[in-house]
Colleague: 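Got a structure here, written out as structure tokens. Questions coming.
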Amino acid sequence: MIQFQEIPYLRPDMDGLERQMGAGIAALEGAGAFPEAYYALLSLEAPRRIFTTLSILVEARNTMDTNDEFWAAEQSWFDRIRPRWDALCVRLGAALNASPFREELARHLGTERFRQAELAGRAFSEEIAGDLAEESALSAQYSRISGSLSVELDGRRYTMGELNGLQKPGDRADREKFDNLRQQAFAEKSAELDELYDDLVRVRVRMAGRLGFSSYTDMGYCRQGRTGYHREQVADFRRGIERSITPVVSALFEKQRRQLGYDVLWSFDEDVSFAGDGPRLKEGQVTELFDRVFDGLSPESRVFYGDLRRCRFYDLEDRPGKIRGAYSNYLPVYGMPFVFETFDRSPGAVKTFAHECGHGLHSYLTRGEPFLDGGSATADISEIHSMAMEFFIWPHLDALYSPEDVEKYKFFHMKNALAFLPYGAAVDEFQTEVYDNPNMTPAGRLALWKSLEKRYLPWRKYKSEGFLTEGRAWQRQTHIYKWPFYYIDYALAQVCALQFHFMNEANHDRAWDSYLRLLRGSGFQSFDETLALAGLASPFAPGVLEKVGRQAMEFLEKDR
């Protein structure tokens, strides 16, 4: 099987792809019988898989080194022609929904495919093609900014990943020093980040107006493919987090402050749950350490991870120009996901690698589907795949850590999972307020973020004046710039992942079977229907948020 580094690249012939797609869509529209419609749809798979594979390959190469001019130019080309491709996909969706064989097709594609096509049609028009190209170009600027972040230390400039490797987490003075260095790196770009977000808000609001939406928030929900719930339910979910989760997280950090003997728990102390060093990863390459994890977890994870390693469909090294962040994207021509992360050996990096492998396992298990849509899912479902995998590796953490550090890691992870919920809610409310009030100034956004921190994260205290005290913490969040309204999906998924974890604690076979049902059934039904298929309760259901919060706190409050 081909190695990722050996994949050849040729810029796609967009005119040729349009002809192929146009012919397939016309055949679907003119089908006189179900088999004709089925094979017309199947004829569209080749151009769709080629375009998707090449666009993801370019994104990977560009994010691996934003300084490489060739891949930057190819990414710009894809950004420019993306609206043409989106127009073809919308035409295909309209043809599917208009087909007299919709009921028969739904037995192969699932009912969700048709609902998603309707939303995509509402959120696209040829009229906004130029705006979409501009949005893509602006989003790419954020990647370039984050990939170029560096700071001077002892006469040398270091990337953010290199800084993490130099820091001694158990030394409080060191934590403060490196926190200030990271803030300094972002502060150098703060004016540029303000201007960039201004431009992104402007173009998105303009698109929403041209398509008849009262707010970009409503358009953003369409673009996220939310078919099973609406913004009022999400607002209720946020209120539930503020009411039920924020107070217990505040109490948790207050207990941590007392245990550490600090007068004040500063923001750079939050990840330090124990005096001295936190969990330290065993010596060796992380990919090799995870061999035992995925080998012991299940036959499915063993085969998936073996192929991932064998074909080296991953990039974990830090280097100048590589963006900060992580993702897993599927290359359908090769039937493999590509896992990307800037791995710094911290507990957070370990959790993130497991997270991305959860995404990868889903795409790997569904790669045999005849239609590309069979391996796709909306973000709210997809993030359950990944966040649940973070917990499924718990019984195999001895491959990564010493026994003492296993317990430290578990505490870190559970605390992180619970404390994330208020942050995720704050990010979502921030975006909602920004897009519902598009004339808000950069100063107004900073004030908004500071007010949200007081409500959702009241325990957070910043020691030094600067980037964070100005209300700029949100500018470190890639999703706010590149993928608006995505972030609440992590909070919804976290509630579901915690359900999987407590199910796994009680009965691994039952939990893993439920997880596989979720992976294989994703993309075919709505959010709530997919959760029901896996035996999970909806995060919107009364009492669910409170229950998982209580279970998490019971674990965290155990004597250790």
Side-chain angles (χ1 to χ4, degrees), residues 169 172 175-176 179 183 234-275 278 347-348 351 387 408-430 432-433 446-465 468-474 476-477 487-488 490-495 497-499 501-502 539 542-560:
R172 196 181 194 198
R175 292 198 300 273
E176 180 179 357
D179 180 67
Q183 289 195 59
V234 173
D236 284 342
F237 179 65
R238 292 196 308 260
R239 284 191 288 270
I241 290 173
E242 185 179 4
R243 181 179 61 252
S244 302
I245 304 298
T246 292
V248 297
V249 176
S250 293
L252 180 65
F253 279 115
E254 172 58 19
K255 180 180 177 180
Q256 178 179 327
R257 182 195 67 78
R258 292 195 306 269
Q259 288 178 331
L260 292 171
Y262 295 160
D263 292 332
V264 179
L265 189 79
W266 300 112
S267 59
F268 53 76
D269 295 321
E270 289 179 16
D271 283 341
V272 181
S273 302
F274 306 93
K351 182 175 71 73
M387 299 183 95
K408 287 184 178 181
Y409 177 87
K410 287 180 178 180
F411 189 89
F412 154 82
H413 184 186
M414 185 64 78
K415 187 183 76 172
N416 179 277
L418 197 59
F420 168 78
L421 293 172
Y423 174 74
V427 168
D428 188 67
E429 186 164 336
F430 174 81
T432 302
E433 288 296 316
L446 303 186
L448 170 63
W449 181 257
K450 286 196 280 190
S451 72
L452 292 171
E453 279 194 333
K454 288 179 181 177
R455 281 175 46 206
Y456 285 103
L457 296 83
W459 62 84
R460 182 150 296 166
K461 296 177 175 63
Y462 301 117
K463 187 173 183 182
S464 58
E465 295 292 322
L468 296 177
T469 55
E470 290 173 3
R472 296 184 178 276
W474 61 272
R476 301 180 302 183
Q477 192 60 63
Y487 214 68
I488 197 65
Y490 290 110
L492 294 169
Q494 189 73 279
V495 175
L498 285 165
Q499 290 183 68
H501 170 66
F502 295 118
V544 172
L545 184 62
E546 292 81 356
K547 181 180 178 180
V548 297
R550 184 172 61 252
Q551 289 174 304
M553 282 304 294
E554 287 172 358
F555 171 84
L556 292 169
E557 289 176 341
K558 290 178 183 175
D559 292 333
R560 15 189 110 249

Colleague: Between the side chains of E453 and Y423, does any donor sit under 3.5 Å from an acceptor?
Modeller: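 No, no side-chain donor-acceptor contact under 3.5 Å.
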
Colleague: Nearest 0.5 angstrom please: T469 OG1 to K463 NZ, how far?
Modeller: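 Separation between the atoms: 14.0 Å.
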
Colleague: How long is the straight-line distance from NZ of K454 back to NZ of K450, given to the nearest 0.5 Å?
Modeller: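 Answer for the NZ-NZ pair, K450 versus K454, is 7.5 Å.
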
Colleague: Only counting residues at least two apart or in another chain, list the ones meeting ring-ring contact (aromatic ring centres under 6.0 Å, His included) with F420.
Modeller: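 Here the qualifying residues are Y487.
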
Colleague: Nearest 0.5 Å, please: how far is OH in Y456 from CD1 in I241?
Modeller: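 Going from the CD1 atom of I241 to the OH atom of Y456 covers 7.5 Å.
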
Colleague: Answer whether the closest heavy-atom distance between the side chains of W474 and L446 falls below 4.5 Å.
Modeller: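 In contact.
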
Colleague: Would you call R257 and E254 a salt bridge, taking side-chain N to carboxylate O under 4.0 Å as the test?
Modeller: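 Here R257 pairs with E254 in a salt bridge, since their nearest N and O are under 4.0 Å apart.
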
Colleague: Excluding sequence neighbours, so at least two apart, what forms side-chain contact (heavy atoms from CB on, under 4.5 Å) with K255?
Modeller: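 R258, Q259, E557.
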
Colleague: Are side-chain N/O atoms of K461 and S267 paired as donor and acceptor at under 3.5 Å?
Modeller: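 There is no such pair between these side chains.
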
Colleague: Y462 vs Q183, test: side-chain contact (heavy atoms from CB on, under 4.5 Å). Steps then yes/no.
Modeller: CA-CA 11 Å; Y462 301 117; Q183 289 195 59; 5.6 Å; no

Colleague: Cut-off 3.5 Å, no hydrogens considered: what does the side-chain donor-acceptor table look like for residues 545-555, sequence neighbours left out?
Modeller:
residue, atom, partner, partner atom, Å
E546, OE2, S244, OG, 3.3

Colleague: Let me confirm one number: the CD-NE2 distance from Q494 to H501, rounded to the nearest 0.5 Å.
Modeller: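 Rounded to the nearest 0.5 Å, the CD-NE2 separation comes to 11.0 Å.
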
Colleague: Does the distance from a Lys or Arg side-chain N to an Asp or Glu carboxylate O, for R460 and E270, drop under 4.0 Å?
Modeller: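 Answer for the salt bridge query: yes.
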
